[in-house]
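What follows is a single structure, written as structure tokens, with notes after it.
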Amino acid sequence: MASVCSLHVYHSLLFHGGASSGKRLAFDPSRLQLQSTGDLCGSVCGMRIGRGFGNGVLIGRKERRGLGVGRKDGGFEIEEDDEDGDEKDVADDALRATIRKSKKVLEKQKNLLEKIVASRKMVSSLESSVLSGQLGTDSYDRNDTSYLKVGQTSNGEALDGEHESVVSSDNHTHSKMTGSATMIDGDLVKEERKVKTRSQAESSIARAPKLVRKEDGLKTASSKVTTTPVLETSKSTGFKGATEFKDETLEDLVEAKVVVVDGEHEITPDQEKEESLPLAGVNVMNVIIVAAECAPWFKTGGLGDVAGALPKALARRGHRVMVVVPRYGEYTEPQATGVHKHYKVDGQDMDVTYFHAYIDGVDFVFIDSPIFRHRQNDVYGGNRQDILKRMILLCKAAIEVPWHVPCGGVCYGDGNLVFIANDWHTALLPVYLKANYRDHGLMKYSRSVLVIHNIAHQGRGPVEDFSLTSLPEHYIDLFKLYDPVGGEHFNIFAAGIKTADQVVTVSRGYSWELKTSEGGWGLHEIINENDWKFQGIVNGIDTKDWNPEVDIHLKSDGYTNYSLETFKTGKAKCKAALQQELGLAVREVPIIAFIGRLDHQKGVDLIADAMHWIVGNDLQVILLGTGRPDLEEMLKKFEREHHDKVRGWVGFSVKMAHRITAAADILMMPSRFEPCGLNQLYAMAYGTVPVVHAVGGLRDTVRQFDPFSESGYGWAFDRAESNQLINALGNCLKTYWNYKDSWEGLQRRGMTQDLSWDNAAVQYEEVLVAAKYQW
Ligand SMILES: Nc1ncnc2c1ncn2[C@@H]1O[C@H](COP(=O)(O)OP(=O)(O)O[C@H]2O[C@H](CO)[C@@H](O)[C@H](O)[C@H]2O)[C@@H](O)[C@H]1O
């Protein structure tokens, strides 16, 4: 911009004579001693503006008339009549200086163009390397080019500071300059560029457009542009092989701008940059999410939902994203990669093979090992040590996935990489990353983020369990924790929190609660010590999966999809279908639902205490859950005792969870604590009004209904007590029956919120960046 501005000014000075009203040529040499491109603009512009400040006036030759007067400001003035020769000299000097600067500007533009060309060549050479199967390790099928990504150098190494990779670009712009004429002719010269530093490597990754699966069509920015950039005058139209800058057409020269032509439309560099840059911009990185469960393959609760959805949102922002999970069952999508490894667990060699699937822009890597098999319906089954061994193997095998498992032919590598571990199950990952790699100068540029979904489960055991981890002896201190109940014990979450580079909790409210002695479950002191790395980010929802407009579970058995426009009839139809399916009376009556794990956390006992009052109303109750046997039995008992009004479905059914969410009017979540809670988010997206205990993420996401301002999303009561639940449900039901407009407003507000993962992904990105630059 600066150069264009300066050239415009130069040109107008030269050809249009500048200010027309001036009488004297007052020239301040200091103003024309230009230092840089920016100065050129500033100073020349300054000259024109200067008129109003008594700082001398530079006017065109034609306007130079009259007598000059002396000046006191350090500059000097020229009186045209008396000192015409001097004046000319000075003016010529000025113009020469300006021309010199203009040439410098042109030179800079030329260099810039060369850089753009070099970058493009680098990208296309990377692409063609990938296409011709030159990348990756020996263990993948070289003919398999179905997945194409950029994330490494052309020789398959990770782009990080440890590796010095040479990227060759095979054609570059050669420019000729004769006199003041510049020609950029697109001749090719050989150039080698060394990618040495981390930041250089990263910026080239960021600049490189994200490649997409071949079957989706290779869509890269570079595919849109000609390999040779075209300099074109603003006046010309259509494609020109190259445009010559002629010094006599200075008007053209000063207006010149770079235009890239793709045969259909012109793309300015700015537009092109915008189009080709991922949403994450220069923050694009490789992200590996490691979790013990992942929807849709296997989930026992919200962790599975998050592991299935967050990665896709991060991938949409342009990151290269992988999820690593155990292979508990035989799944159709993942295919064997042929990569075999061994890892030691409790002194035993464990065989591991890797499976891979690429779905919605995310690489899903499944770790297959005998200890994971046939656990599909019991992922946390077995005794404490069995579970611990599985999680040790998961963490050990996951850390090396970026080295060994080619995804789309290319391993992720360990540069520009952040692992996201989830809950205690994978809280060993940050510890292994440090102890087995970074302490030894390996994975120098890999970082770890630990997400706390639920602090109530910490991976506790006797101190002797430490031996199973095969960690160096001195690491035991990270795990040792004393609490009044358990005494000294081994605590995996404690070690993970201390070792991770950043820690995320699944809501802001929960982040705060964890620091209290009531909410920290014995870890509050460690959490407070590590407060600086904590960040609360509310979960989003997978809007493909949990969306009443497209929900696959509403497409049969009398259910129907619905939108904001059709939710009244849509929900009514779903309600009738659910009543029918569950053998309840099909009639217009409010349905209150509960969906969740049956344990102390979810406050099922509050529902039990309130049940007598609840069934005293004209309504129906549907409870879906699985968990503690005594609570499962309680659900069955409710159904037995109030068969005309209550259904207690004991079991885990994703289909029923969707159908109930769509058909119900009210969802109750009286959780004693709730790190985030997903069901209330799903409910709101489906026009179902939540009644919740205002705790953790529930407080963050369900704003209390205010009848005066007609705002809020539901009812949130302050204490986990059954009378408070009753009170909130009472107000909710009153509104349902008596204030139809308010009810509809509640539903509409809930449905129109942006609850997608995209918002959360932006915040996660900030955490990833913070981790990346942490040493
Ligand atoms: N019987 C059943 N049949 C079918 N589906 C069932 C079901 N029981 C539960 N679900 C499903 O499991 C998920 C539960 O998610 P939540 O967030 O409510 O709880 P959870 O406590 O497991 O998760 C933890 O992690 C998540 C994610 O971070 C946090 O939101 C939460 O507060 C924290 O406790 C929902 O998708 C729900 O529909």
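Ligands are counted one by one from 1 in listed order, and the atoms in each one are counted from 1 as well.
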> Can W297 and E333 be counted as having a side-chain donor-acceptor contact under 3.5 angstrom?
Replying inline: yes
>> Please tell me whether N491 and Q458 have a donor and an acceptor in their side chains that are separated by less than 3.5 angstrom.
In response: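 Short answer, yes.
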> Taking it one step at a time, do V538 and Q763 satisfy side chain to side chain contact (heavy atoms under 4.5 Å, CB included)?
Replying inline: CA-CA 9 Å; V538 172; Q763 295 172 60; over 6 Å; no
> Aromatic rings Y562 and Y686: how do their planes relate, parallel, tilted or perpendicular, breaks at 30° and 60°?
Replying inline: perpendicular
Residue, atom name and distance, where the atom is the protein heavy atom closest to [atom]:
atom                    : value
atom 11 (C) of ligand 1 : K299 NZ, 3.9 Å
atom 1 (N) of ligand 1  : G651 O, 2.8 Å
atom 3 (N) of ligand 1  : S653 N, 3.1 Å
atom 16 (P) of ligand 1 : L678 N, 3.8 Å
atom 32 (O) of ligand 1 : E674 OE2, 2.5 Å
atom 27 (C) of ligand 1 : N539 ND2, 3.3 Å
atom 2 (C) of ligand 1  : F652 CD1, 3.4 Å
atom 9 (C) of ligand 1  : G596 CA, 3.7 Å

Would [X] count as being in polar contact with ligand 1, using the rule that some N or O on each side must be under 3.5 angstrom apart?
X    : result
G677 : yes
L624 : no
W546 : no
I595 : no

Relative to the heavy atoms of [X], which atoms of ligand 1 are at a distance of less than 4.0 Å?
X    : value
V506 : 28 (O)
V306 : 27 (C), 28 (O)
D305 : 13 (C), 35 (C), 36 (O)

> When the ring centroid of F534 is compared with that of W512, is the distance short of 6.0 Å?
Replying inline: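 So the answer is no for these two rings.
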>> So that I know where these two stand, are Y331 and F366 an aromatic pair - ring centroids less than 6.0 Å apart?
In response: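 Yes, the ring of Y331 comes within the 6.0 Å limit of the ring of F366, centre to centre.
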> Any cation-pi pair here, R327 with F355, using under 6.0 Å and within 45°?
Replying inline: yes
>> Can you tell whether the side chains of K637 and E632 come within less than 4.0 Å, N to carboxylate O?
In response: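 The answer is no: the pair does not qualify as a salt bridge.
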> Looking at residues at least two apart in the chain, or sitting in another chain, which of them share a ring-ring contact (aromatic ring centres under 6.0 Å, His included) with W757?
Replying inline: none
>> For Q680, state whether at least one heavy atom is located under 4.0 Å from any atom of ligand 1.
In response: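 No, Q680 has no heavy atom closer than 4.0 Å to ligand 1.
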> Side chain, backbone, both or neither: which part of Q601 comes within less than 4.0 Å of ligand 1 when only heavy atoms are counted?
Replying inline: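 It is the side chain that gets close, since no backbone atom is under 4.0 Å.
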> Just going by heavy-atom distances, which of G302, G308, S671 is nearest to atom 14 (C) of ligand 1?
Replying inline: G302
